[in-house]
There are 2 protein chains.
Amino acid sequence: MFSKVLISDDLGSINQGVGTVLEGLGITDVTQVQYCDDAYLKVKNAYQKAEPYHLLITDLSFKTDHRSQTYASGEALVKQLKQEYPELKIIVYSVEDRLQRVRTLIQTHKANAYVCKGRQGLNELKAAIQSVYHDNIYISPQIEQALRPSTDLEIRDYDIVLLKQLSKGLSQEEISKFLKHHEISPSSLSSVEKHLNKLRVQFKAKNAIHLVAIVKDLGLI
Amino acid sequence: MFSKVLISDDLGSINQGVGTVLEGLGITDVTQVQYCDDAYLKVKNAYQKAEPYHLLITDLSFKTDHRSQTYASGEALVKQLKQEYPELKIIVYSVEDRLQRVRTLIQTHKANAYVCKGRQGLNELKAAIQSVYHDNIYISPQIEQALRPSTDLEIRDYDIVLLKQLSKGLSQEEISKFLKHHEISPSSLSSVEKHLNKLRVQFKAKNAIHLVAIVKDLGLI
DNA sequence: AATTACCTTACGGTTTTCCTTAATCGGAAA
DNA sequence: TTTCCGATTAAGGAAAACCGTAAGGTAATT
């Protein structure tokens with residue numbers, strides 16, 4: 001089993017149960033930090049001292065305060081750490097249950113597990129630690145479907161750009177200009193119209209307003 | 001100081017620090033529940049046995065699961081309890097920091113304190129318990145402005161209805177019909193236009209799409 | 001009762017979005 | 001190369017949103 005574990009969570013103290021779970025698994029060397037930057041530094045230092053952490057359990061959302069941070073979110077932290085130290089196991093432990101976020105973290109950033117904080121969170125966390133220890137991916141049951149290709153809506157980065165600008169109040173013509181200015185293709189007004197139209201159909205939205213409301217709820221933007 | 005306290009939070013265990021804080025204040029009779037309905041029943045039973053709780057500390061968002069609940073959120077719980085037992089002190093302890101939510105809870109539902117979960121959350125919680133014990137209202141500093149009238153944007157229920165329907169994809173004409181059907185006044189297309197226009201100016205939104213994106217971020221809808 | 005202020009409603013003109021049809025371009029297959 | 005197909009671009013009209021103005025109602029004040 002893992003012996004050296006780092007926990008990153010901005011709330012003031014370890015959830016009592018998390019400590020109990022780790023204890024129950026015989027893990028005693030546990031460090032906790034409240035900032036993503038601290039987590040990054042701890043991992044880096046431990047590696048340099050040849051006493052690396054075996055597992056990182058991190059939250060996603062960190063409140064911002066006076067301390068300016070290089071890594072503002074758990075997502076940025078995971079991305080960076082997995083680039084530098086691919087062998088470090090990472091479990092994301094968050095209340096966030098929006099599918100797109102989970103998909104990005106697992107598929108793009110290569111996190112090893114995604115556990116939803118909730119009533120069953122501790123049980124799932126325990127299962128996740130054991131799974132990850134045996135080189136398996138663990139996803140909370142309630143969001144496991146997020147990874148199945150059947151749910152794949154094939155939303156591209158391009159669509160996200162469109163939706164982002166749309167939600168910022170740009171007219172379709174302004175979006176077209178924005179794309180030309182940033183040399184993103186396709187950029188014609190017609191293409192913007194066409195793509196947004198496709199997205200409307202895909203999300204069963206009545207109009208652009210409805211569309212933005214839906215994708216905001218889904219956490220896509 | 002309070003002696004009998006109920007904590008309502010759907011995560012599996014009391015945050016270690018919350019226990020420590022209560023202990024530090026000499027509060028030993030602490031009960032914890034994971035469902036809003038359980039919280040309601042506990043309070044009701046305790047009252048009937050003439051051994052009422054003095055203080056309730058509750059979260060706002062509860063994950064839904066197989067158990068169907070009468071009170072789906074902390075907000076509904078607070079509303080109901082304050083109607084039946086106005087003398088019961090209630091502290092809301094949540095990550096939620098959107099101003100409108102805070103305002104509603106304090107001003108409409110008469111919660112006694114609102115503490116943001118965060119790095120300073122435990123210190124603030126301690127201060128809140130002491131404040132509330134002395135019949136004062138406590139609000140976390142970072143959101144105290146929410147209650148100041150200067151920030152008052154005078155958003156009425158009527159505006160919320162408009163924004164809700166707008167975000168559901170109804171055209172302004174459809175919203176007008178919706179209002180007539182529900183006998184909400186004013187209901188003319190012109191009035192809908194005018195009110196939405198006022199909201200756009202108020203929120204510095206470029207258009208209706210932008211407006212919906214903004215109020216969604218603010219948590220108004 | 002009259003004045004005032006405010007809100008609701010109505011209407012016209014302009015802009016933007018929505019939707020369809022058609023032309024054009026570029027790559028893959030025949 | 002030619003053909004075909006999908007994607008991009010273009011253009012037009014209908015619908016809706018946007019914006020100012022004006023008329024009608026209502027309630028509070030004087």
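Letters go in sequence order (proteins before strands), and every chain restarts at 1.
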Can you name the residues that form a side chain to side chain donor-acceptor pair (under 3.5 Å) with [X], not counting sequence neighbours?
{"X": "Q120(B)", "value": "N123(B)"}
{"X": "E87(B)", "value": "Y47(B)"}
{"X": "Q80(B)", "value": "E84(B)"}

Distance in angstrom units between K180(A) NZ and dA10(D) C1', rounded: 11 Å

Could you name each residue pair satisfying salt bridge (charged side-chain N to carboxylate O under 4.0 Å, His left out) that touches residues 207-219 of chain A, not counting sequence neighbours? K216(A)-D217(B), D217(A)-K216(B)

Pairwise ring-ring contact (aromatic ring centres under 6.0 Å, His included) hits with a residue in residues 173-202 of chain A, at least two apart: Y158(A)-H195(A), F178(A)-H182(A)

Salt bridge between D37(A) and K42(A), side-chain N to carboxylate O under 4.0 Å? no

Once you apply a heavy-atom cut-off of 4.0 Å, does S187(A) come out as touching a base, just sugar-phosphate, or nothing? sugar-phosphate

Looking at S191(A), does any N or O in its side chain come under 4.0 Å of the phosphate oxygens OP1/OP2 on dT8(D)? no

Do any side-chain nitrogens or oxygens of H195(B) fall under 4.0 Å of OP1 or OP2 in dC7(C)? no

Nucleotide N/O of nucleotides 14-21 of chain C paired with protein N/O under 3.5 Å:
{"residue": "dT17(C)", "atom": "OP1", "partner": "Q172(A)", "partner atom": "N", "Å": "3.2"}
{"residue": "dT17(C)", "atom": "OP2", "partner": "Q172(A)", "partner atom": "N", "Å": "3.2"}
{"residue": "dC18(C)", "atom": "OP1", "partner": "A208(A)", "partner atom": "N", "Å": "3.2"}
{"residue": "dC18(C)", "atom": "OP2", "partner": "Q172(A)", "partner atom": "NE2", "Å": "3.1"}
{"residue": "dC18(C)", "atom": "OP2", "partner": "R200(A)", "partner atom": "NH1", "Å": "3.4"}
{"residue": "dC19(C)", "atom": "OP2", "partner": "R200(A)", "partner atom": "NH2", "Å": "3.1"}
{"residue": "dC19(C)", "atom": "N4", "partner": "E193(A)", "partner atom": "OE1", "Å": "2.7"}

